[in-house]
Amino acid sequence: MSSQRDRLKVLTAGIFSLLLTLGVARFAYTPLLPLMQQQAGLGVAEAGWLAAINYAGYLSGALLAMLVGDLVFKDRLYRIGLVVAVASTAMMGLSSDFTLWAISRYLAGLSSAAGMLLGAGLVLNWLIRHGHRSELGILYSGIGLGVVLCSVAVAWMDSGLDWHEQWLALTALGGLLAVPALAWLPVPPRTVANAGAQTWHDSPPTPAFLRLFMAAYFCAGIGYVVSTTFIVAIVERLPGLAGQGKWAFLAIGIAAAPASIVWDFVARRVGDLDALITAALLQIAGILLPLAGGGLTTTLAGALLFGGTFVGIVSLVLTMAGRYYPGRPAKMMGKMSLAYGSAQIVGPAVTGWLATRFGSYEAGLYLAAGIMLLGSALLLLLKRLTLTATAPSRCAP
């Protein structure tokens, strides 16, 4: 078994890659959105389209991750993706042109797939290959930490820098994060990479299981994207909460940071599907609480509940997917992320349209909660199908 020091370095590299590709390249757009609307004239509908374009990039990256089989080539794409993450962040601060912003958001989406899927697949492959537990809870803490990082950075810069300067400062931060993300994840040996898929036994799910699983994950994608993209703008427009949106986003990140580890433990005790169903139902409450009218306290409670569940859902789903294909973990991860990524294109675009029609983003939250409820029903159906087929609800490595 490889040393715990090596394991820690590999996991840390994966965490730093998520801090860069999600925290900087993707999530910084959320707390900077109100400022860009004030200073750069970004419209409500245009803001939704930029978010949708970002997820189109993520969807493209998920498709690429699913199609590419060679582990060494995936490693190369992962490293290119980190460089693209830094470059796309710089593009946001160097221009006021919507077309260039759109290109930047698409590239940022590609880079987030590199961190979320290629990076996670490489880390999972390394863990399995070196005799460690095949769970990604520690790695996916980088999602929540990324939210915390960009929230704190934007709050700290808010009083002294305009929106241009904040994007450029985040570019510099991204460059620093890229160093350990690149240096501490070993390049997989070509001989091991080529032999791995033949050595480990894949246990693919049934087609019916996969269809329901992907449909439920699509619903989770809607629930995730609306809140994470628009929560700051939504809170800023609630009565008495102007200027408080950044704290809601920070609360999401604080709760999300340990969430994947917590849900790993929950899944060990009750099984993956029961853990997913519980997380989905709690997330619905988290989505709706900011609209309950209880002021900042209720809003922060909803943010904590949402942050504590959405990362758990992602971690559980992608870990399950990786266990079905231990030799090629990105194979099913890519398929699941196609469903999740498709939702993340539809969600912001529809929310932007609803905001234009009704004058606020609140309708988007109700839509997200309703679709999450449908996703929870699909997970219950999936559990029933699994029990009927006498298949285990938790897949062993």
Side-chain angles (χ1 to χ4, degrees), residues 21-22 25-27 29-30 45 47-68 81 102-103 105-118 120-121 140 143 205 207-230 276 279-280 283-284 287 309-311 313-318 320-322 324 330-354 361 363-379 381-382:
T21 59
L22 292 179
R26 158 64 188 102
F27 287 143
Y29 176 71
T30 299
W49 280 112
L50 284 180
I53 290 167
N54 175 262
Y55 291 113
Y58 179 83
L59 186 63
S60 302
L63 181 62
L64 183 62
M66 183 179 67
L67 294 177
V68 175
I103 294 171
R105 293 300 81 204
Y106 182 81
L107 293 175
L110 279 175
S111 75
S112 63
M116 248 329 253
L117 301 176
L118 296 177
Y140 285 131
I143 301 173
F209 182 100
L210 183 59
R211 284 193 296 269
L212 279 175
F213 203 24
M214 291 180 70
Y217 202 41
F218 175 89
C219 294
I222 295 287
Y224 153 78
V225 70
V226 173
S227 286
T228 53
T229 301
F230 299 108
L276 279 171
Q283 185 171 315
I284 294 169
I287 291 171
T309 52
F310 88 87
V311 172
I313 291 172
V314 171
S315 176
L316 289 169
V317 167
L318 294 186
M320 287 173 67
Y324 282 116
K331 180 180 177 64
M332 189 171 166
M333 285 182 177
K335 288 182 179 180
M336 298 306 298
S337 294
L338 286 175
Y340 204 65
S342 298
Q344 293 172 48
I345 296 174
V346 175
V350 173
T351 301
W353 176 79
L354 290 172
Y361 292 113
L365 286 185
Y366 288 115
L367 173 68
I371 293 178
M372 280 297 299
L373 187 60
L374 173 61
S376 301
L378 291 174
L379 288 173
L381 182 59
L382 187 63

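Closest of all the heavy-atom pairs between Ala108 and Ala25 is CB-O, 3.5 Å. The two residues Ala280 and Ser376 make their nearest non-hydrogen contact at CB-OG, 3.4 Å. Closest of all the heavy-atom pairs between Tyr29 and Ala47 is OH-O, 2.9 Å. Nearest approach of Leu118 to Ala65, heavy atoms of both residues: CD2-CB, 3.8 Å. The two atoms that bring Val314 and Ile143 nearest to each other are CG1-CD1, 4.4 Å, heavy atoms only. Across Leu338 and Leu59, no two heavy atoms sit closer than the pair O-CD1, 3.2 Å.
Evaluation of the side chain to side chain contact (heavy atoms under 4.5 Å, CB included) rule for Ile53 yields Ala102, Arg105, Tyr106 as partners, not counting sequence neighbours. Considering only residues two or more places apart in sequence or on other chains, Ser337 meets the side chain to side chain contact (heavy atoms under 4.5 Å, CB included) condition with Tyr58, Ala62, Leu117, Leu318. In terms of the side chain to side chain contact (heavy atoms under 4.5 Å, CB included) criterion, residue partners of Leu354 (sequence neighbours excluded) are, by chain and number, Val350, Phe358, Ala363, Leu367. Taking the side chain to side chain contact (heavy atoms under 4.5 Å, CB included) definition, one finds that Ala220 meets it with Tyr217, Ile313, Tyr340, Met372, sequence neighbours left out. In terms of the ring-ring contact (aromatic ring centres under 6.0 Å, His included) criterion, Tyr140 has no residue partners (sequence neighbours excluded).
Between Phe213 and Leu276 the shortest side-chain heavy-atom distance falls below 4.5 Å.
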* Show the numbers, then the answer: is there a side-chain contact (heavy atoms from CB on, under 4.5 Å) between Tyr55 and Val225? => CA-CA 9 Å; Tyr55 291 113; Val225 70; 3.0 Å; yes
* Go through the steps for Met116 and Leu22 under the test side-chain contact (heavy atoms from CB on, under 4.5 Å), then give the verdict. => CA-CA 8 Å; Met116 248 329 253; Leu22 292 179; 3.8 Å; yes
* Take Ile287 and Phe310 through the side-chain contact (heavy atoms from CB on, under 4.5 Å) test and state the conclusion after the steps. => CA-CA 10 Å; Ile287 291 171; Phe310 88 87; over 6 Å; no
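Using modelled atom types, no side-chain atom of Ser315 and backbone atom of Val311 make a donor-acceptor pair closer than 3.5 Å.
Rounding to the nearest 0.5 angstrom, the gap separating the CG atom in Leu365 from the CD1 atom in Ile284 is 13.0 Å.
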